[in-house]
Amino acid sequence: MEKPLGLFSSLPIDWNPFRICAPGEKAPYPRALTTKEGLGDRLRFVAFAEKQAVVAFSSAAEIFSDSPIQTRELWLALSKEEEKHLSWLIQRMKELNVSVDERPQSLALWQSFDHCKTALEFANFMAKAEDRGRQAGEQFYETLLKIDPITAEIFRKIAEEEKEHILLAAKALEYIE
Ligand SMILES: [Fe+2]
Ligand SMILES: [Fe+2]
């Protein structure tokens with residue numbers, strides 16, 4: 001069933017512990033990766049992408065409550081998995097003394113979910129988002145390997161798990177089609 005536009009961004013979401021850009025404010029450009037601050041910027045950015053995925057999957061299960069139960073269960077399971085990735089990144093930020101709310105984050109990814117008016121559109125969108133997540137994880141792993149092998153390993157593990165997410169997201173899509 002087709003729903004009105006703006007379903008996701010109209011939800012009251014608690015983005016804690018992240019800080020969100022004010023309306024019209026642009027997220028600051030990440031600092032050089034060779035600095036502690038620059039590494040922190042990447043960790044914060046990816047952690048916030050995971051946070052948006054956590055909320056998107058769990059919100060979709062409610063917004064598209066008329067979609068197959070198998071699909072909604074997969075979305076809720078994926079939400080939990082992204083929560084795990086989020087916790088790994090937050091933990092690493094703590095170890096490196098990177099404060100989560102030091103810089104504001106863009107809600108662009110979250111707002112892009114508003115394009116999804118049906119469960120099918122959302123399922124398609126997330127299948128692609130999971131693959132983008134995998135690619136980003138692999139790139140961060142390679143870039144960070146010489147700078148910070150511990151953080152690099154976290155990104156490698158995330159990329160590895162995103163491969164499973166791609167399969168689960170495809171399954172969630174199949175139940176709708
Ligand atoms: Fe993830
Ligand atoms: Fe994922």
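- Using a 4.5 Å cut-off on side-chain heavy atoms (C-beta onward), Ile63 and Leu11 make contact.
- The backbone N or O of Ala119 sits nowhere less than 3.5 Å from a side-chain atom of Ser67 that would complete a donor-acceptor pair.
- Side-chain N or O atoms of Thr35 include one that pairs as donor or acceptor with a backbone N or O of Ala32 at under 3.5 Å.
- Using a 4.0 Å cut-off between a side-chain N of Lys or Arg and a carboxylate O of Asp or Glu, Lys171 and Glu130 do not qualify as a salt bridge.
- Under the 3.5 Å distance criterion, with hydrogens and angles disregarded, no donor-acceptor pair is assigned to the side chains of Gln135 and Gln139.
- Side-chain contact between Asp148 and Arg92: present, with at least one pair of heavy atoms (C-beta onward) separated by less than 4.5 Å.
- Side-chain N or O atoms of Glu162 include none that pairs as donor or acceptor with a backbone N or O of Ala159 at under 3.5 Å.
- The shortest side-chain heavy-atom distance between Phe113 and Met126 falls under the 4.5 Å cut-off.
- A donor-acceptor distance shorter than 3.5 angstrom exists from the side chain of Glu121 to the backbone of Lys117, with no hydrogens or angles considered.
- With a 4.5 Å cut-off on side-chain heavy atoms, Val54 and Glu81 do not count as touching.
- Hydrophobic clustering keeps Leu78 apart from Leu167 (ILVMFWY residues linked when any side-chain heavy atoms are closer than 4.5 Å, directly or through intermediates).
- Exactly one residue among Ile154, Thr151, Ile90 makes a side-chain contact (heavy atoms from CB on, under 4.5 Å) with Leu43. That residue is Thr151.
- With rounding to the nearest 0.5 angstrom, the CD atom of Gln111 is 7.0 Å from the OG atom of Ser106.
- Checked against the 6.0 Å centroid criterion, the rings of Phe18 and Phe45 do not qualify as a close aromatic pair.
- Pairing each heavy atom of Pro104 with each of Ala27, the nearest pair is O-CB, 4.1 Å.
- Arg156 contributes no side-chain N or O that, together with a main-chain N or O of Glu138, makes up a donor-acceptor pair within less than 3.5 Å.
- For His85 and Glu161, the side-chain atoms include at least one donor-acceptor pair closer than 3.5 Å.
- Taking the six-membered ring where the residue is Trp, Phe8 and Phe122 present parallel rings, their angle staying beneath 30° rather than reaching 60°.
- Side chain of Asp114 to backbone of Ser9: a donor-acceptor contact under 3.5 angstrom is found.
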### Query
Stepwise, does the side chain to side chain contact (heavy atoms under 4.5 Å, CB included) test hold for Trp15 with Gln52?
CA-CA 9 Å; Trp15 295 110; Gln52 290 169 93; 3.9 Å; yes
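- Closest heavy-atom contact between Ile158 and Glu50: CG2-OE2, 3.6 Å.
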### Task
Take Ser59 and Trp75, measure what side chain to side chain contact (heavy atoms under 4.5 Å, CB included) needs, and give me the verdict at the end.
CA-CA 9 Å; Ser59 303; Trp75 285 344; over 6 Å; no
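- Closest approach of Glu177 to Leu120, counting heavy atoms only: CG-CD1, 3.7 Å.
- Counting heavy atoms from C-beta on, the side chains of Arg19 and Gln105 never come closer than 4.5 Å.
- Leu76 and Ile176 are members of different hydrophobic clusters when ILVMFWY side chains are connected at heavy-atom separations under 4.5 Å.
- Environment of NZ in Lys84: crowded, with over 12 heavy atoms of neighbouring residues, nucleotides or ligands closer than 6.0 Å.
- Ion pair Arg134/Asp131 flagged as a salt bridge, since at least one NZ, NE, NH1 or NH2 atom sits closer than 4.0 Å to an Asp/Glu carboxylate oxygen.
- Heavy atoms of other residues, nucleotides or ligands lying less than 6.0 angstrom from NZ of Lys36 number more than 12.
- In this structure, the side chains of His165 and Glu82 come closer than 4.5 Å at one or more pairs of heavy atoms.
- Under the 4.5 Å side-chain criterion, counting only non-hydrogen atoms from C-beta, Tyr175 is not in contact with Ile69.
- Leu144 is listed as a side-chain neighbour of Leu33, based on a closest heavy-atom distance under 4.5 Å.
- Under a hydrophobic clustering in which Ile, Leu, Val, Met, Phe, Trp and Tyr are joined whenever their side-chain heavy atoms come within less than 4.5 Å, directly or via other members, Phe155 and Ile166 fall into different clusters.
- Between Ser65 and Arg72, the shortest heavy-atom distance links the atoms O-CZ, 3.3 Å.
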